[in-house]
Amino acid sequence: MKVEKKRFTTSGIEIKEVYTKHSEMNELPGNFPFTRGIQKDMYRGKPWTMRQYAGFSTAEESNKRYHYLLKQGTTGLSVAFDLPTQIGYDSDHELSEGEVGKVGVAIDSLQDIEVLFDGIALKDITTSMTINATAPILLAMYIALAKKQGANLHEISGTIQNDILKEYVARGTYIYPPEPSMRLITDVFEYCSKEVPKWNTISISGYHIREAGSTAVQELAFTLSNGKAYLNAALNKGLDINVFAKRVSFFFNCHNNFFEEIAKFRAARRMWANITKTLGATDVSAQKLRFHTQTGGSTLTAQQPMNNIVRVSNQALAAVLGGTQSLHTNGYDEAISLPSESAAKIALRTQQIIAFETGVTDTVDPLAGSYFIEALTDEIEKASQAYIDKIDAMGGAVKAIEHGYMQQEIAASAYQYQQEIENGDRVLIGVNSFLQDEEAENISYRVNDLIRKSQIEKLNLLKNKRDYKEVARALDELKEAANGTKNLMPSILKAVEAYATIGEIADILRAIFGEYAG
């Protein structure tokens, strides 16, 4: 008699051959703990925000892509920044060589932001910015432009990622040590609650944790642990959790294991509701987990890249069935290069087809009550909570990061995943199964290596025409504030409006806070 091989999710949760009823499911969408969704009508009220992530080379080129995406029906912008911008170096810095405009748009000053959003009214759109160490500076630039456009700052909305803890864990675009970095984050919380109240001040990211090789359970556990650390830091600053927690959002990955991903999102809402309630949130809006989803970049393959359209479609559908508030779908060619215009359009059309042709938006949480989904949601919550309890015992996320715990767990999972692919235990179409010999069509979009030269020329022109004394005064004010305890956002905004560069502002803070060596 043949013994069937056991099956597991990517997080190692065993999948039974068949599931039977294991619990009563009486919860309704929009009610605590929001397992079934944070709104009672979800997509019957309005679809999720279709927010395509884009940004490359210069502000001029990125601006063209944004106008193209808006014409194609995207409902929110999402900005990718190059590495020098992310770590606070101007394009003319020696460490910027070879990186300017390569993985996102190069931004040196408010002048670049003005070009980036030329012809786009900030009052009419929401904008997400994937920026962390320099998030306060880029937010200040966005606010400065909104002011120049005459927008009501109490009405503009969007999100900055502003999640530095995951940078120490998974991605590496940090500048300052954890303590001053947490000060910057809570300063943004405080400032925006008064001046830009509709702005989402942090998007706590599981996406990059997953891209680094974590399992779904680890992604959820480490992300929520980081979220607890931010809540506690804000509470220690004296902020009201019923105010600032309303502007906390999350950013999750969606991989190939269809049902595990759906269950992960459902478990996330339930767990965050209980975390916020335990920490004192009594306003239901402060207990709700709002999240953006991006399909899994690390699941895309350079081999047989058109297969990625299918992968992205399945992942997007899982995100929708899991109740995401906004969604980015990757281009099929992103394992090779920045997405081409045609790939970006197909990615957007994927979302539109799901929203308007499949019928999955006609009812809320359509998989609720599925024996498998409900059991898997419980299993993921249980496994994630075990990690969170261990991290809490260490003293919280910051201590766990300093001890290297999260990093080691992710590295071990990434190694196991790669071993499974190489051993053939995990099927990856086009990589270890169903191979083909023919060469893939050259579909890549490449950034011109001369971008840095043109960016430096613009930077030099700016420095020659701006008011040097005004810049110096603003930077001195920032230095004084950083040496004290005042909120840094007003000083950063003043420096930005004087056309101080991102490098000049970051260097003031480097001199005071130091740099994190890892």
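All figures in this text were calculated on a predicted structure; none of them were measured in a lab.
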To the closest 0.5 Å, what do you measure between [atom1] ([X]) and [atom2] ([Y])?
| X | Y | atom1 | atom2 | answer |
| --- | --- | --- | --- | --- |
| Gln294 | Thr324 | CD | OG1 | 11.0 Å |
| Leu224 | Ile388 | CG | CD1 | 5.0 Å |
| Ile202 | Cys192 | CD1 | SG | 11.5 Å |
| Thr215 | Lys264 | OG1 | NZ | 9.5 Å |
| Gln351 | Trp48 | CD | CH2 | 6.5 Å |
| Arg210 | Leu220 | CZ | CG | 10.0 Å |

Inset, instruction - Please report the C-alpha distance between Arg426 and Thr10 in whole Å, then the side-chain angles of each, then the deciding distance to 0.1 Å, and finally whether the side chain to side chain donor-acceptor pair (under 3.5 Å) criterion is met. - result: CA-CA 10 Å; Arg426 183 180 299 277; Thr10 57; 5.8 Å; no
Determine yes or no for a side-chain-to-main-chain donor-acceptor pair under 3.5 angstrom, with [X] supplying the side chain and [Y] the backbone.
| X | Y | answer |
| --- | --- | --- |
| Glu422 | Glu420 | no |
| Arg51 | Leu77 | yes |
| Asn314 | Asn256 | no |
| Gln149 | Ile120 | yes |
| Asp333 | Ile336 | no |
| Ser62 | Ala59 | no |
| Gln287 | Ala281 | yes |
| Thr299 | His255 | no |
| Asp82 | Gly104 | no |
| Gln315 | Gly296 | yes |

Legend entry - Tyr191 vs Leu139, side chain to side chain contact (heavy atoms under 4.5 Å, CB included): CA-CA, chis, key distance, verdict: CA-CA 11 Å; Tyr191 178 84; Leu139 175 59; 5.6 Å; no
Can you find a heavy atom in the side chain of [X] that is under 4.5 Å from one in the side chain of [Y]?
| X | Y | answer |
| --- | --- | --- |
| Leu231 | Phe244 | yes |
| Leu83 | Thr173 | yes |
| His328 | Ser78 | no |
| Ile156 | Thr127 | no |
| Met306 | Tyr332 | yes |
| Leu321 | Val360 | yes |
| Val364 | Lys40 | no |
| Gln407 | Ile401 | yes |

Legend entry - Exceeds 12 heavy-atom contacts within 6.0 angstrom, atom OH of Tyr19: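 Yes, the 6.0 Å shell around OH holds more than 12 heavy atoms from other groups.
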Inset, instruction - Give a yes or no on this: more than 12 heavy atoms of other residues, nucleotides or ligands lie within 6.0 Å of atom CZ of Phe8. - result: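 Check passes, neighbour count above 12.
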Legend entry - Lys6 vs Glu14, side chain to side chain contact (heavy atoms under 4.5 Å, CB included): CA-CA, chis, key distance, verdict: CA-CA 7 Å; Lys6 289 185 177 181; Glu14 185 175 353; 3.5 Å; yes
Looking at every heavy atom in both [X] and [Y], which two are closest together, and how far apart are they?
| X | Y | value |
| --- | --- | --- |
| Thr186 | Leu239 | O-CD1, 4.1 Å |
| Glu261 | Ala216 | OE2-CB, 4.0 Å |
| Ile410 | Ala212 | CG2-O, 3.6 Å |
| Phe434 | Ile429 | CD1-CD1, 3.4 Å |

Inset, instruction - Kindly write out the residues that satisfy salt bridge (charged side-chain N to carboxylate O under 4.0 Å, His left out) with Lys147, not counting sequence neighbours, or none if the list is empty. - result: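 Checked Lys147 against salt bridge (charged side-chain N to carboxylate O under 4.0 Å, His left out); matches are Glu497.
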Legend entry - For Lys246, salt bridge (charged side-chain N to carboxylate O under 4.0 Å, His left out) partners two or more places apart: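 Counting only residues at least two positions away or on another chain, Lys246 forms a salt bridge (charged side-chain N to carboxylate O under 4.0 Å, His left out) with Asp283.
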No-hydrogen, no-angle side-chain donor-acceptor test under 3.5 Å, [X] and [Y]:
| X | Y | result |
| --- | --- | --- |
| Ser214 | Glu219 | no |
| Gln72 | Arg349 | yes |
| Asn330 | Thr295 | yes |
| Asp389 | Gln385 | yes |

Just list the side-chain donor-acceptor pairs under 3.5 Å for residues 159-166, sequence neighbours left out, or say none.
residue: Thr159; atom: OG1; partner: Asn200; partner atom: ND2; Å: 3.2
residue: Gln161; atom: OE1; partner: Asn132; partner atom: ND2; Å: 3.1
residue: Gln161; atom: OE1; partner: Lys166; partner atom: NZ; Å: 2.8
residue: Asn162; atom: ND2; partner: Thr201; partner atom: O; Å: 2.9
residue: Asp163; atom: OD1; partner: Tyr230; partner atom: OH; Å: 2.5
residue: Asp163; atom: OD2; partner: Ser205; partner atom: N; Å: 2.6
residue: Lys166; atom: NZ; partner: Asn132; partner atom: OD1; Å: 3.1
residue: Lys166; atom: NZ; partner: Asp163; partner atom: O; Å: 3.2

Legend entry - Step-by-step side chain to side chain contact (heavy atoms under 4.5 Å, CB included) determination, Met50 to Gln352: CA-CA 8 Å; Met50 299 179 192; Gln352 292 166 336; 3.7 Å; yes
Inset, instruction - Under the side chain to side chain contact (heavy atoms under 4.5 Å, CB included) rule, what do Phe252 and Thr223 come out as? Steps first, then yes or no, please. - result: CA-CA 9 Å; Phe252 287 118; Thr223 305; 4.0 Å; yes
Side-chain donor/acceptor pairs under 3.5 Å, residues 269-276, sequence neighbours excluded:
residue: Arg269; atom: NE; partner: Phe34; partner atom: O; Å: 2.7
residue: Arg269; atom: NE; partner: Thr35; partner atom: O; Å: 3.3
residue: Arg269; atom: NH1; partner: Gly322; partner atom: O; Å: 2.8
residue: Arg269; atom: NH2; partner: Thr35; partner atom: O; Å: 2.9
residue: Arg269; atom: NH2; partner: Gly322; partner atom: O; Å: 3.0
residue: Arg270; atom: NE; partner: Glu381; partner atom: OE1; Å: 3.0
residue: Arg270; atom: NH2; partner: Asp378; partner atom: OD1; Å: 2.7
residue: Arg270; atom: NH2; partner: Glu381; partner atom: OE1; Å: 2.8
residue: Asn274; atom: ND2; partner: Arg270; partner atom: O; Å: 3.0
residue: Thr276; atom: OG1; partner: Trp272; partner atom: O; Å: 3.0
residue: Thr276; atom: OG1; partner: Ala273; partner atom: O; Å: 3.0

Inset, instruction - Run the salt-bridge test on Glu379 and Lys382 with the 4.0 Å N-O cut-off and return the result as yes or no. - result: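 Looking at Glu379 and Lys382, the cut-off is not met.
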Inset, instruction - Would you please name every residue forming a side-chain hydrogen bond (donor to acceptor under 3.5 Å, both in side chains) with Lys228, sequence neighbours left out? - result: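 Partners of Lys228 by the side-chain hydrogen bond (donor to acceptor under 3.5 Å, both in side chains) criterion, ordered by chain and then number, come out as Asp392.
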Legend entry - Contacts of Thr301 that satisfy side-chain hydrogen bond (donor to acceptor under 3.5 Å, both in side chains) - sequence neighbours left out: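 Applying side-chain hydrogen bond (donor to acceptor under 3.5 Å, both in side chains) to Thr301 gives Arg311.
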Inset, instruction - Take the angle between the ring planes of Phe251 and His292 and call it parallel below 30°, perpendicular above 60°, tilted in between. - result: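 Ring orientation, 0 to 90° scale: tilted.
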